[in-house]
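Proteins come first, then strands; the chains are lettered A, B, ... in the order of their sequence lines, and each starts at number 1. Quantities reported herein were computed from a predicted structural model and do not represent experimental measurements.
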Number of protein chains: 2
Amino acid sequence: MDDRAGGESLLFLTDDQLRKGIEAMFFAYRGFTADPDRILAEKGYGRAHHRALHFINRSPGTTVNNLLNTLGVTKQSLNRVLRSLIEDGLVVSAIGTRDKRERHLTLTEEGRALEQALSNAQRARMRAAYKAAGPEAVLGFRAVLEAMMDADMRRQYRKLTETLGPGV
Amino acid sequence: MDDRAGGESLLFLTDDQLRKGIEAMFFAYRGFTADPDRILAEKGYGRAHHRALHFINRSPGTTVNNLLNTLGVTKQSLNRVLRSLIEDGLVVSAIGTRDKRERHLTLTEEGRALEQALSNAQRARMRAAYKAAGPEAVLGFRAVLEAMMDADMRRQYRKLTETLGPGV
DNA sequence: TGGTAATGTCAACAAGGCTGACGTATTCTG
DNA sequence: CAGAATACGTCAGCCTTGTTGACATTACCA
């Protein structure tokens, strides 16, 4: 099928191969967001709410500024989303004890419930994809994605995942 | 968290592993779109224009309906983008010869130039990621992404890529 | 000829980005 | 201690890109 026989090992860098990767990213990202999007639509929320819920759940007590850096949006944009989540009782914003200028964000029970519903749906798809592709593929998958990030995003990604267990 | 120490070949299906994949997708997609976004912003276009240019370039002479299915948006939404591209002389819309209701879309020289600039930028990043991760990883990368797509997206993806050369 | 399909377009709306400006605590620093 | 800097919130306005709904035109087809 391919000829790794000769000076072959660079075949994966052809434009065709790269374009396959580009189109795969495009179509896969749609699948990646499809299931949570359905749940969010029912509740009257959008992807931005999902992202906020995800990272607050991931780092309970995180500050607004931290979240801003992780999400890469303006404070005005985040604030709009955060305000509705707080009003709806999914997120609690607590004045910092050490530094009273800071607001520490945590999920309420209800917020955790929605976050769970969303991430269960997303994990289910991811699990199916992992299962279909196999453990070897998963390592490759994450290696390419990690290499595709901007340097500061990669730093954040590693920071978030470094505390996790074995298995890369 | 869990100790599948025994049947550990399923370690890659733990929630932690799945979450890593989810966060990797999130951060990587940002990198994936960052470079074209910069070019587009200069020209006063957005991602929607990029997507249209990409798939018209990919399938010259494609119809509006085809493009609609590929992009998964409403015709009103696509039309707005298409209209500006046509007005700016990047895309030509030709009435079908066989079926005069259809419009066949092709890029002009100028359209091709912009598409090239965009896809060069995107390919450069993809190339760097591929190179950093290696050929094995690339196969895994695409395997997982493909498994993550909705069935009809996967069909379209395969249709687009089936005509390409060797190397999976 | 009537039904259906492909396309374009108008209007209205919403989410979620953005910039700019301003206000208010609070903390840090010279 | 005064002033600068930081963290946050908010108002106003703008843009892109998605949505629905309605309607017109043209053309194919049974």
What's touching nucleotides 15-17 of chain D from the protein side, N or O pairs under 3.5 Å?
unit_1: D:dT17; atom_1: OP1; unit_2: B:Arg47; atom_2: N; d: 2.8
unit_1: D:dT17; atom_1: OP1; unit_2: B:Ala48; atom_2: N; d: 3.2
unit_1: D:dT17; atom_1: OP2; unit_2: B:His49; atom_2: ND1; d: 3.2

Does some side-chain heavy atom of [Y] sit less than 4.5 Å from a side-chain heavy atom of [X]?
{"X": "B:Lys75", "Y": "B:Leu78", "result": "no"}
{"X": "A:Asp16", "Y": "B:Thr161", "result": "no"}
{"X": "A:Leu18", "Y": "A:Asp15", "result": "yes"}
{"X": "B:Met153", "Y": "B:Met148", "result": "no"}
{"X": "B:Met25", "Y": "A:Met126", "result": "yes"}
{"X": "A:Tyr45", "Y": "A:Leu114", "result": "yes"}
{"X": "A:Tyr29", "Y": "B:Thr33", "result": "no"}
{"X": "A:Tyr157", "Y": "B:Glu23", "result": "yes"}

Query - Start and end of the DNA chain C segment that chain A contacts, any atom under 4.0 Å from a heavy atom - result: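 Going 5' to 3' along DNA chain C, contacts run C:dG16 to C:dT27.
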
Query raised in the report: Within a reach of under 6.0 Å around CD of A:Glu136, are more than 12 heavy atoms found that belong to other residues, nucleotides or ligands?
Result: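 No, CD of A:Glu136 has 12 or fewer neighbouring heavy atoms, counting only those of other groups under 6.0 Å.
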
Query raised in the report: Under a single-linkage definition using a 4.5 Å side-chain heavy-atom cutoff for Ile, Leu, Val, Met, Phe, Trp and Tyr, are A:Leu85 and A:Val92 assigned to the same hydrophobic cluster?
Result: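 No, no single cluster joins them.
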
Query - A:Leu145 reachable from A:Leu13 in the ILVMFWY side-chain graph, under 4.5 Å edges - result: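 Looking at the clustering, A:Leu145 is in the same group as A:Leu13.
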
Query raised in the report: Centres of the B:Phe55 and A:Phe26 rings: under 6.0 Å?
Result: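 Yes, the ring of B:Phe55 comes within the 6.0 Å limit of the ring of A:Phe26, centre to centre.
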
Query raised in the report: In terms of the angle between their ring planes, are A:His50 and A:His54 parallel, tilted or perpendicular, with boundaries placed at 30° and 60°?
Result: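 Aromatic pair A:His50/A:His54 classed perpendicular.
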
Query raised in the report: OP1 or OP2 of D:dT6 less than 4.0 angstrom from a side-chain nitrogen or oxygen of A:Asn65, does that happen here?
Result: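 Result: no.
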
**Report entry** Side-chain N or O of B:Thr74 closer than 4.0 Å to phosphate OP1/OP2 of D:dG18
**Finding:**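 So the side-chain polar atoms of B:Thr74 never come under 4.0 Å of the phosphate oxygens OP1 or OP2 of D:dG18.
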
Query raised in the report: Pairs counted as Watson-Crick or G-U wobble with both distances under 3.5 Å: what dot-bracket string results for DNA chain D, using | for bases tied to another strand?
Result: ||||||||||||||||||||||||||||||

Query raised in the report: Which parts of residues 30-41 of chain B get close to DNA chain C, meaning a heavy atom less than 4.0 angstrom away?
Result: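 None, since no heavy atom is under 4.0 Å.
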
Query raised in the report: Checking side-chain contact (heavy atoms from CB on, under 4.5 Å) for the pair A:Ile22/B:Arg125: CA distance, chi angles, key distance, verdict?
Result: CA-CA 10 Å; A:Ile22 289 170; B:Arg125 183 179 291 250; over 6 Å; no

Query raised in the report: For the pair made of NZ in A:Lys75 and P in D:dT6, what is the distance, rounded to whole Å?
Result: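 Answer to the nearest Å: 13 Å.
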
Report task. Write down the distance between CG (B:Leu78) and C1' (D:dT19), rounded to a whole number of angstrom. Result ->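 From B:Leu78 CG to D:dT19 C1': 14 Å.
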
Query raised in the report: Quick one: salt bridge (Lys or Arg N to Asp or Glu O under 4.0 Å) pairs with a partner in residues 77-90 of chain B, sequence neighbours left out?
Result: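 Sorted result for residues 77-90 of chain B: empty, none.
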
Query raised in the report: Does B:Arg83 or A:Gln76 map to a spot on DNA chain C nearer the 5' end, using the closest nucleotide for each?
Result: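 Closest to the 5' end, via its nearest nucleotide, is B:Arg83.
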
Query raised in the report: Using a heavy-atom distance cut-off of less than 4.0 Å, which residues of residues 95-106 of chain A contact DNA chain D?
Result: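 Per residue number, the list reads A:Arg101, A:Glu102, A:Arg103.
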
